Amino acid sequence: MSSYNVAVVGATGLVGREMMSMLEKRNFPVGKLRLLASHRSVGKKLKFKGQDVVVEELKKDSFSKGDKLDVALFSAGGATSKEFAPYAAKEGVFVIDNSSAWRMDDNCPLIVPEVNEGAIEKDKKIIANPNCSTIQMVVVLAPLHEAAKIKRVVVSTYQSVSGAGIKAVNELEEQVKTLLEGKKPKPMAFPHQIAYNCLPQIDVFLDNRYTKEEMKMVDETKKIMGDNSIRVTATCVRVPVFRAHSEAVNVETEKKLTVDDALGILEKAPGVTVVDDIGKLKYPLAINASYKEETFVGRIREDESVDNGLNMWVVSDNLLKGAALNAVQIAESLVKNEFI
Ligand code: 25A
Ligand code: L14
């Protein structure tokens with residue numbers, strides 16, 4: 001079997017580490033693995049398949065020197081992606097980029113393999129991995145859209161702190177300890193105290209009074225689903241949960257879908273697991289979705305305030321399907337389509 005040389009850019013970050021673990025767990029045919037990060041991490045060793053791999057500094061010539069790469073998985077922030085992804089693409093390396101830098105660029109496919117794998121093109125070397133909250137939502141929306149044409153989506157998110165990186169995870173832990181000692185915590189990674197609180201702000205505010213995270217959900221959903229007529233509105237909230245994002249999703253469709261219709265569709269949908277047994281108090285939970293690959297959906301019920309509407313609760317691991325897993329699935333699509 002062929003093997004492929006892979007780089008993980010931002011390997012020392014939360015998402016970078018999960019990328020390595022997904023490559024290993026899913027048995028992606030890795031030939032040589034190169035780990036790249038900023039100068040701060042040079043010389044650090046990370047384990048891959050039981051072997052130590054030494055972190056190199058990401059430089060302009062990283063892709064033209066050293067072992068020739070087939071794919072580079074980037075998760076080092078938007079500015080790093082903007083600057084360095086073009087150097088990789090110029091060398092013929094497929095970049096799968098986890099930041100928001102390239103997502104809305106017309107020359108860059110924005111891919112969730114279960115939904116729009118066919119939008120990958122051999123000559124478009126920079127492929128964008130969507131926003132975590134958007135990925136788990138479209139995995140559920142796409143099969144419903146195909147069956148009943150979605151007209152409008154209203155979503156509220158309950159996003160875990162791991163989306164904001166290692167420092168944010170540490171901050172929640174530290175703040176809980178500080179509060180238990182009766183002291184007042186000092187916010188650093190977030191604009192306000194996150195422990196025992198909910199923050200209706202993720203990312204920066206834009207001119208229209210929405211946050212950038214909310215507008216990512218609006219714009220990226222249309223691009224991935226390939227349908228600009230779907231109206232989407234979002235409220236994104238940070239909650240004191242370590243891992244997995246939850247979402248209350250309201251959908252209005254052109255054709256009527258009963259709860260049984262929706263259950264039938266979602267039970268067959270790729271990447272989706274239905275957990276919906278209210279008699280036994282079963283529905284998706286962030287703590288159960290953590291470290292799992294699927295997107296979980298439950299609490300499915302008709303929206304009785306409109307003719308054709310559904311409400312549901314969607315939960316998935318933001319570092320896996322929301323980031324590292326989706327990126328590795330895109331790499332798998334490249335192999336499957338013989339693009340690498
Ligand atoms: O701009 P965006 O797209 O909004 O993304 C911003 C951040 O969100 C995370 C990711 O943080 C990213 O930096 N992220 C992005 N997409 C995500 C998604 N879908 C996502 N999170 C969840 N879901 P992160 O902490 O997970 O990862 C950061 C990684 O990026 C590397 N990096 C940063 N700048 C780089 C770079 N690599 C190359 N060139 C650059 N210029 C970073 O490596 C990490 O791997 P590192 O070597 O800089 O950091 C290793 C250790 O050092 C700590 N650290 C980071 N910054 C500082 C620092 N220590 C001291 N001072 C600092 N300024 C890190 O905590 C890490 O342990
Ligand atoms: O657009 O929870 O991928 O702070 C990365 C950080 C999404 C939000 C992205 C977070 C963002 C995420």
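Computed from a prediction, not measured in an experiment: that's the story for all the values here. Remember, it's 1-based here, ligands and their atoms both numbered in the order they're listed. Scope of the values below: all heavy atoms of this structure, side chains included, with no hydrogens, waters or symmetry mates.
The shortest N/O to N/O separation between R103 and ligand 2 falls below 3.5 Å. Between R238 and ligand 2, a contact under 3.5 Å exists for at least one N or O pair.
Checking side-chain atoms of Q193 against main-chain N and O of A195 turns up a donor-acceptor pair under 3.5 Å. Formation of a donor-acceptor pair under 3.5 Å by the Q136 side chain with backbone atoms of V314 is found in this model.
Residue-ligand proximity, Q159 to ligand 2, at heavy-atom distances under 4.0 Å covers atoms 2 (O). Annotation for ligand 2: atoms under 4.0 Å from non-hydrogen atoms of K216 are 1 (O), 7 (C), 9 (C), 11 (C). Here is the list of ligand 2 atoms found below 4.0 Å of a heavy atom in A164: 2 (O), 4 (O), 10 (C). Residue G163 has at least one heavy-atom neighbour below 4.0 Å for each of these atoms of ligand 2: 2 (O), 4 (O), 6 (C), 10 (C), 12 (C). In summary, the atoms of ligand 2 found under 4.0 Å from a heavy atom of E213, numbered by their order in the structure, are 7 (C), 8 (C).
Ion pairing of K47 with D52 is present here, as a side-chain N (NZ or NE/NH1/NH2) and a carboxylate O approach within less than 4.0 Å. In this structure, K321 does not pair ionically with E294, as no charged nitrogen and carboxylate oxygen lie closer than 4.0 Å.
Contacts between K212 and ligand 2, counted as non-hydrogen atom pairs separated by less than 4.0 Å, are absent for every part of the residue.
For the ring pair (Phe, Tyr, Trp, His ring centres under 6.0 Å) test, residues two or more places apart in sequence or in another chain that qualify with Y158 are W313.
More than 12 heavy atoms of other shown residues, nucleotides or ligands fall within 6.0 angstrom of atom NZ in K149.
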